[in-house]
Each structure stands twice: as structure tokens, then as C-alpha cells.
Amino acid sequence: MTDTPKRTGSGTALPAIACDIFCAVIDNFGDIGVCWRLARQLSHEHGWQVRLFVDDLHAFTKLCPSLDAARAKQAVEGIVVEHWHEPAHAGETLEIADVVIEAFACELPPVYVTGMAQRGQRPVWLNLEYLSAEDWVADFHLRPSPHPRYPLIKHFFFPGLVPGTGGVLKERDLDAQRATFEQSPEARAAWWQRATGGPPPAPEATVISLFAYENPALDSLLAQWRDNESPVVVLVPQGRVSGAVARFFGLPAFDAGAHATRGNLHAHGLAFTEQRGYDPLLWASGLNFVRGEDSFVRAQWAARPFVWHIYPQADDAHLPKLDAALAHYARPLSAQARAALERFWHAWNGNGTPDWANFARHLPEFEARAASWATELAQAGDLAQNLAAFTKTQLK
Ligand code: TRH
């Protein structure tokens with residue numbers, strides 16, 4: 001499903017657009033998660049020749065187990081992956097691409113920038129920013145920033161949730177894949193067998209996926225699920241909340257393959273899957289707890305209610321971002337449902353105690369909103385498509 005190859009007047013195909021993406025992993029999986037998804041889309045859907053420089057191959061192997069963390073350079077799924085082993089490294093031989101993406105303001109190797117300035121056709125240079133739902137994003141999206149010394153212009157590419165921003169990543173076949181999963185009881189049963197070793201739970205159970213940072217509200221929530229009137233099945237991918245879940249059940253650990261029950265709460269420990277395997281977890285659940293950036297976006301495309309644990313920043317700089325997302329998402333909800341959602345998201349982000357009964361009461365309304373929001377979000381366009389379209393206006 002790539003773009004039609006460009007043809008010259010004489011009918012010869014033009015070479016594919018070469019693109020280098022530079023990714024420095026700060027922590028967790030979001031930086032490489034976004035870059036790997038973007039790299040795959042640009043390669044598989046747009047036919048670009050993509051090279052991905054990553055400084056932390058170990059984090060990358062968690063999302064992409066076929067990668068060999070010991071290799072300096074390798075091709076995976078048609079994408080060249082280079083270990084960016086030190087900030088000045090720019091590959092064995094200096095090759096400057098047509099499009100250069102520095103992810104999240106990571107600094108390009110100086111020799112590479114010099115090479116960009118010396119290249120006959122100057123590359124399109126983009127700084128891919130972190131996602132924010134704040135209003136100022138649309139004003140800053142695609143703003144040019146001339147280099148202080150070289151004849152180079154960098155553009156800021158801002159992901160966002162509304163038209164006029166860069167949008168968020170969405171593969172062309174994502175909705176079709178979700179529909180196939182949702183319409184197939186066999187696929188669902190097979191997923192449950194693989195993930196938990198058992199069949200899907202009874203329809204009256206509320207199924208919840210739990211991907212979050214360490215969270216002081218978790219104990220209270222687990223206790224509320226334990227005391228819930230109907231069964232709650234919690235799916236916990238191995239990670240930063242596994243320890244707290246283990247403590248709640250009085251277990252030494254809660255890793256992949258673990259199972260525990262207290263009252264009406266049934267929990268399963270899941271293996272951390274390769275990146276494509278994360279979507280079916282969201283589709284198999286009725287409510288998704290997500291975090292950071294990429295899982296936050298995937299939950300929106302899953303069109304199920306979700307609770308966001310935003311990446312915490314110094315001086316609570318993340319809280320206006322949380323409220324900006326809430327303002328978009330909760331806009332058409334009834335006053336009571338909106339208040340319940342805001343209260344629950346705030347409690348999950350350190351402000352107050354989560355009130356599960358009050359939140360769960362509104363789940364049918366949240367379900368309807370999740371579906372309408374996915375349609376609204378699609379109006380911002382797919383980030384890879386938006387980025388490719390902008391690039392073409394610059395590559396003349
Ligand atoms: O890992 P994160 O907390 O990443 C964060 C954020 O991106 C944050 O904005 C950034 O500043 C910080 O990193 C440095 O959460 P995020 O963004 O959801 O990334 C998690 C990735 O892990 C996502 O691509 C989904 C993937 N994943 C799997 O591939 N398999 C799994 O089993 C699970 C649970 C997740």
C-alpha cells in the first residue's frame with residue numbers, strides 16, 4: 001500500500017525519498033515507540049527509504065524482538081536501524097538523506113548538520129515534537145526556524161488532536177484490523193488463550209488493561225474492584241505497576257503468567273508484547289488504562305473508554321496538557337459524566353482518590369463518546385501522511 005512511485009516525463013521511476021530519523025531514548029518506550037511506528041509507516045505506506053538512528057537498542061528490542069541489540073547496523077522490516085552509539089556518530093559513511101527528522105529535540109550529530117548544509121539539494125529538516133492537545137500547538141505547527149550559521153531551515157512538526165496540527169500516527173489498515181478482531185469470536189478466544197492461558201471471561205465482567213507508571217491511587221482502585229458487585233478482570237502487562245499489584249495480592253511478584261483473585265477482582269500478568277501486539281490488548285478490553293504518548297493514542301483509535309496516566313513533568317507542567325486533552329475528549333458528555341471523568345483522570349494523576357462506582361456508572365456514555373471521538377480525531381489526519389504531504393511541498 002505505498003504511494004504510486006513518482007515518474008518523470010520519460011516514464012522512469014524517481015528514486016524513493018530517503019529519510020533519516022534520529023531518536024534518543026530518554027526513558028520508557030514512548031520515544032522509540034513513536035519513532036518506530038513512524039519509520040514503519042513512512043517505509044511501508046509511503047515507499048520511503050528509512051534509516052533509524054537509535055541510541056538505546058535494548059529498549060527497542062522490547063518493542064521489536066527481531067532486532068539484535070548487539071549489531072551496529074541491521075535491516076528490520078525494510079528499515080535500516082543504526083545504533084547511534086555516541087552523539088557525534090552519524091553512520092560509518094556520511095550519507096545525508098532527503099528528509100531528516102530529529103525526534104523530540106534530540107541533537108543531530110554536528111558532522112551530519114554540516115553535511116546537510118553542504119548538500120546540493122538541502123534536506124527537509126523536521127523536529128518532531130511531543131504530542132500535546134493544547135491550543136497553542138496549531139499556531140506553532142510547521143513554524144520555520146532558520147539555522148543561526150548554515151543556510152538550513154528546520155520546521156517544527158507538532159502532533160495534535162485537532163485539524164491544523166500534525167495529527168497522530170494511524171496506520172492505514174488499523175481500523176480494518178480492529179474490525180477483524182472484534183468480529184471474530186475465534187480471534188478473541190485465541191488471544192485470551194495466548195495472553196492469559198484461559199478462555200475469555202463471562203460477558204458480565206468488566207475487562208480492564210492496566211498500563212501505567214507507579215501510581216499511589218492504584219491500591220485504592222484495586223480494593224474498589226475487589227469489592228465491585230460484578231467481576232472485574234484486570235490485565236497487567238509486565239512493567240512499572242507489577243510490583244504494586246503483587247503487593248496487593250500478597251505475592252512476591254506479578255510477572256507474565258501470574259494469576260490472582262481477591263473478591264470480585266481477577267488479575268492476570270501479561271508478557272510485554274512486541275509493539276503490534278499491544279493493540280489487541282486494547283481491543284480485548286472494555287476499559288484501557290494507558291500512559292505517556294503512544295499508548296494514549298492507541299487507546300483513542302481502539303475507540304474504547306480509557307484513563308490516561310500522563311508522563312509527569314517537573315513543576316506539574318503536564319497538568320495543563322491533561323486538562324487540554326480532557327477538554328476535547330469530554331466536551332459533548334453530560335455534565336455528570338464529564339465531572340466523573342475529570343475527577344477520575346485527576347485522581348489517577350495524583351489529585352484525589354479515584355471513585356470507581358461514580359466512574360463506572362457512566363461507562364455506557366463513555367463508550368459512545370470513545371467511538372465519536374475516534375471519528376473526530378481522524379479529522380486531524382494521520383501524522384505520517386501529514387508529514388509526507390508537507391515534505392513534498394518542500395522537496396521541489
Ligand atoms: O513508555 P511510555 O511511558 O513513554 C513515555 C512517553 O512517550 C512520554 O511522553 C515520553 O516523554 C517518555 O516516554 C520519555 O509510554 P508510551 O508513550 O505509551 O509508550 C509505550 C510503548 O510501548 C507504546 O509504543 C506501546 C508499547 N507497548 C508494547 O509494545 N507492548 C506492550 O506490551 C505494552 C504494554 C506497550
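What you see below is based on every heavy atom in this structure, not just the backbone, and it leaves out hydrogens, waters and symmetry mates. Just so it is clear, the model here is predicted, and its values are computed rather than measured. Count residues from 1 along the sequence. Counting starts at 1 for both ligands and their atoms, in listed order.
A pairwise comparison of heavy atoms in Ser43 and Ile79 identifies CB-CG1, 3.9 Å as the closest pair. Summarising the geometry of Tyr130 relative to Asp31, their closest heavy-atom pair is OH-OD1, 2.7 Å, with the distance given to 0.1 Å.
In this structure, His318 has no ring-ring contact (aromatic ring centres under 6.0 Å, His included) partners at least two apart in sequence or on a different chain.
Here salt bridge (charged side-chain N to carboxylate O under 4.0 Å, His left out) pairs that include residues 340-356, with residues two or more places apart or in two chains, are Arg343-Asp355.
Listed by chain and number, residues touching ligand 1 at under 4.0 Å (heavy atoms only) are Asp27, Asn28, Phe29, Gly30, Asp31, Gly33, Leu63, Tyr130, Phe211, Tyr213, Pro237, Phe272, Thr273, Glu274, Gln275, Tyr278, Arg291, Gly292, Glu293, Asp294, Ser295, Tyr311.
A donor-acceptor pair shorter than 3.5 Å cannot be found between the side chains of Arg298 and Ser295.
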Report all side-chain donor-acceptor pairs from residues 144-153 shorter than 3.5 Å, counting only partners two or more places apart or in another chain.
from	atom 1	to	atom 2	distance (Å)
His147	ND1	Arg149	N	3.0
His147	ND1	Tyr150	N	3.0
Tyr150	OH	Thr114	OG1	3.3

